[in-house]
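Note sheet for the following structure.
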Amino acid sequence: MNFWLELIIKLVAILGFVLTGALVVIYAELKAGSHMQGRIGPYYAGVRWGWAQPLADGLKFLQKEDLSPTGADRTIYGLAPYVVMMSTIAVFVVIPFGPDMVGRDLDLGIYFILAISSLSVLGILMAGWSSANKYSLMGGLRAAAQLIAYELPLVLAAAAVVVQAGTMSMNGIVLAQSETWFTVAGIDVAMPFLLKGQIISFIIFMIAVVAELSRIPFDMPIAESELTMGYLTEYSGIRFTMFFLGEYASMIAFSAIAATLFLGGYAAPGVPDGLANLVGPGVMLLKIALLVFVIIWIRWTWPRLREDQLQRLAWFWLIPIALANIAVVAIFKVVF
Amino acid sequence: MTDLAMIHRSESAVSIELQTPDMTLNIGPQHPSTHGVLRLIAKVAGERVTDVEPVIGYMHRGYEKLSEVRTYAQITTLVNRIDWVAGFASEVPFIIGVEKLMGVEAPPRAQYIRMILTELARMASHLVFMSSYPLELGATTPLMYALREREYILELIEEVTGGRFHPNFNRVGGVKPVYGGGSMTKKWSLDLPEGFLQRARDAMDRMEQICDDIDTLVSDNELIKMRTVGIGVIPRDKALEYGLTGPNLRASGVAYDLRKVENLLPYDEIDFDIAVRQGGDCYDRYVLRIEEVRQSSRIVRQAVDQIPSGPLQTKVPRVLKAPRGQVYSRGENPKGEFGYHIVSEGARMPYRLKIRSTSFSNLSILPWILQDALIPDLVAIMGSLDFVLGDVDR
């Protein structure tokens, strides 16, 4: 196939998936959150079930005036949301939705993801610093401290999987999980890494993901009751929309990573190899939806931690446990 | 110059260079966690608050002055707007003060109705606290649960008085003789609405249920405990020193409740306990209020069973004039001691009305308790004091 044609198709597919996916997740959060709280949630927009609510919200945001404070550093202030958005979208390049349904199957897939997703810290710091607002500044600083602290457990948890899989390629990690692990009564059983002893990594990874997303119980960077809206305080209009979409897009992105690393990615039991490209995306979406729901569920149940408690959790608990976990996984890998 | 002195000098130069001035953070008057229009001028070093100066008065409506040109019957309209989450509870001490001045007493049935409605108002107020406090710690869901149950209380109040927040229901020498007409019953009646007592009992079942639910969802939550246990500790002597009253005082281990001390309403015929906790931290203040809702529901259950029959109003002169004199009348508002000092010169209007509002006094501890708090703790502590800005500024 023509290189350019392929590139454009992939680009459109990824962008389309990210943006519609984000809208769907926003809708899911509105609806799931409402039902958890004994409310109905969006009801009228779009004739039934309020399905058009995220679209309506998006249009409303686009109409809003794009304010920037007098003291703001305009260039950086304007650029920040796009840096955050870019780092999220770039993650999808290497996430496989089927054996061939992948933007680019890099050999260093997971490494690329972890590197590119930590760029969002930069965008958030830019937003917090350039807003010329004390609340924004504090939010930005909190975000920087938090994201750096939780980058480590995230990487370490992923590293344990990499050690077990013996590859950094996302496709390779999926394949490692669809290999036959043992045979019972003539049936080959393949297990995702979650069931192959990576449960500790999975829990650490999910905790770190929630922290990376700055969602309750780790939403100190935007903590409404303390910092009004943290680094988002001064943003409005399309730039706020970008942050908003970026948050939900990265929910999908991190869920997709977790699904690939721990839940077997696009692989599903009983799917013949020929159909993997067709069934794969559906299986992957199901797994993503499951993890996204868990993240939403956590948000509507728990309060937030305090900044020092969050740091203590990361440095005293998650990182030592993750290191010990890597050691154990490595020993098992060498011995068996 | 010796080497040592050189080192000293260079060290001090470095420390001067690194000295960062505290940032002044203006929290409020428009801020999500200041419950309205409280303003805090906080000096912060990073996340730590080194000094805080509350600025109040953004909501001053001049009720004390307005009262001087209102008749006694008209003033009830004003006083239930002071602490609007428990409007009825702030009406009662005022009207009883006026009754004391005039030497009349409400008939027993009216007193029981006042007591039931005061306790309902207390529950409504505490449910607002139970919903808003987790919200400040970041938990959004208890808000919906507690406010949903509060609706049952407000419906009961509306059913009897016609108003959800501002009942304006007390009259000198009794309660409004012809009343009702809330959206629930749409009937005017000469006594309590039909079936009210049973509906009150049902609502109490719901109250006890929501207390248990909030206990499992919030009070036993490990994260809530991490955020509140040992935070904002008010020792017993400090609480007394700053004149805290109500749940804030009782959470510091002082069993002081005006319902037992003053004899405004027939609480002595009811069997209930004063909820006390010893820790004096945010968690204790929070849990104590849940316990108080349970006690209130006990009071309402007994009052509903024991309510005597009879008239709702004693005979009073058509033109109400209080004789010369003064009286201080105080009652247990959901937030603490709520008092009125009424000075009468013998006219239809008070010469002077001094309102001792609860939140104002409870707020006085703020600069002391917020010293060296972290910003997240500042929010947690402020929320746990449970103040209403209308009550602070009057």
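What's counted below: heavy atoms across the whole structure, side chains too, no hydrogens, waters or symmetry copies. Each chain gets a letter, A, B and so on, in the order its sequence line appears, and its residues count up from 1.
The shortest distance between side-chain heavy atoms of A:E307 and B:L374 does not fall below 4.5 Å. Inter-residue side-chain proximity for A:Q309 and B:R227 is flagged as met; some heavy-atom pair is nearer than 4.5 Å.
Residue-environment remark: CH2 (A:W317) stays at or below the threshold of 12 foreign heavy atoms within 6.0 Å. A:W300 CH2: more than 12 foreign heavy atoms inside a 6.0 Å radius. Residue A:I200 qualifies as open at atom CD1: its count of foreign heavy atoms under 6.0 Å is 12 or below. Applying the 6.0 Å contact sphere to NZ of B:K238 captures more than 12 heavy atoms from other residues, nucleotides or ligands. Other residues, nucleotides and ligands contribute at most 12 non-hydrogen atoms within 6.0 Å of the CZ atom of B:F360. Annotation: A:K64, atom NZ; neighbour count of heavy atoms from other residues, nucleotides and ligands within 6.0 Å does not exceed 12. Heavy atoms from other residues, nucleotides or ligands lying under 6.0 Å from CH2 of B:W84 number more than 12.
Put simply, CG on A:L305 and CE on B:M226 are 5.0 Å apart, with the number rounded to the nearest 0.5 Å. Rounding to the nearest 0.5 Å places CZ of A:R306 at 12.0 Å from CG of B:L223.
The contact list for residues 130-142 of chain B toward chain A, using heavy atoms and a distance under 4.5 Å, reads B:L135, B:E136, B:L137, B:G138, B:A139, B:T140, B:T141 by residue number. Contact annotation for residues 129-145 of chain A against chain B (heavy-atom separation below 4.5 Å, listed by residue number): A:K134, A:Y135, A:M138, A:R142. Against chain B, the residues from residues 209-221 of chain A that qualify, each with a non-hydrogen atom under 4.5 angstrom away, are A:I216, A:P217 in number order.
No other option in A:R299, A:M36, A:Q37, A:R39 has as many heavy-atom pairs under 4.5 Å with chain B as A:Q37. Options B:L378, B:V44, B:N221 differ in how many heavy-atom pairs under 4.5 Å they form with chain A, and the most are formed by B:N221.
Partners of B:D205 according to the salt bridge (Lys or Arg N to Asp or Glu O under 4.0 Å) rule, which considers only residues two or more places apart in sequence or in another chain, are B:R301.
Within the 4.5 angstrom heavy-atom criterion, only side-chain atoms of B:I231, from C-beta onward, approach chain A.
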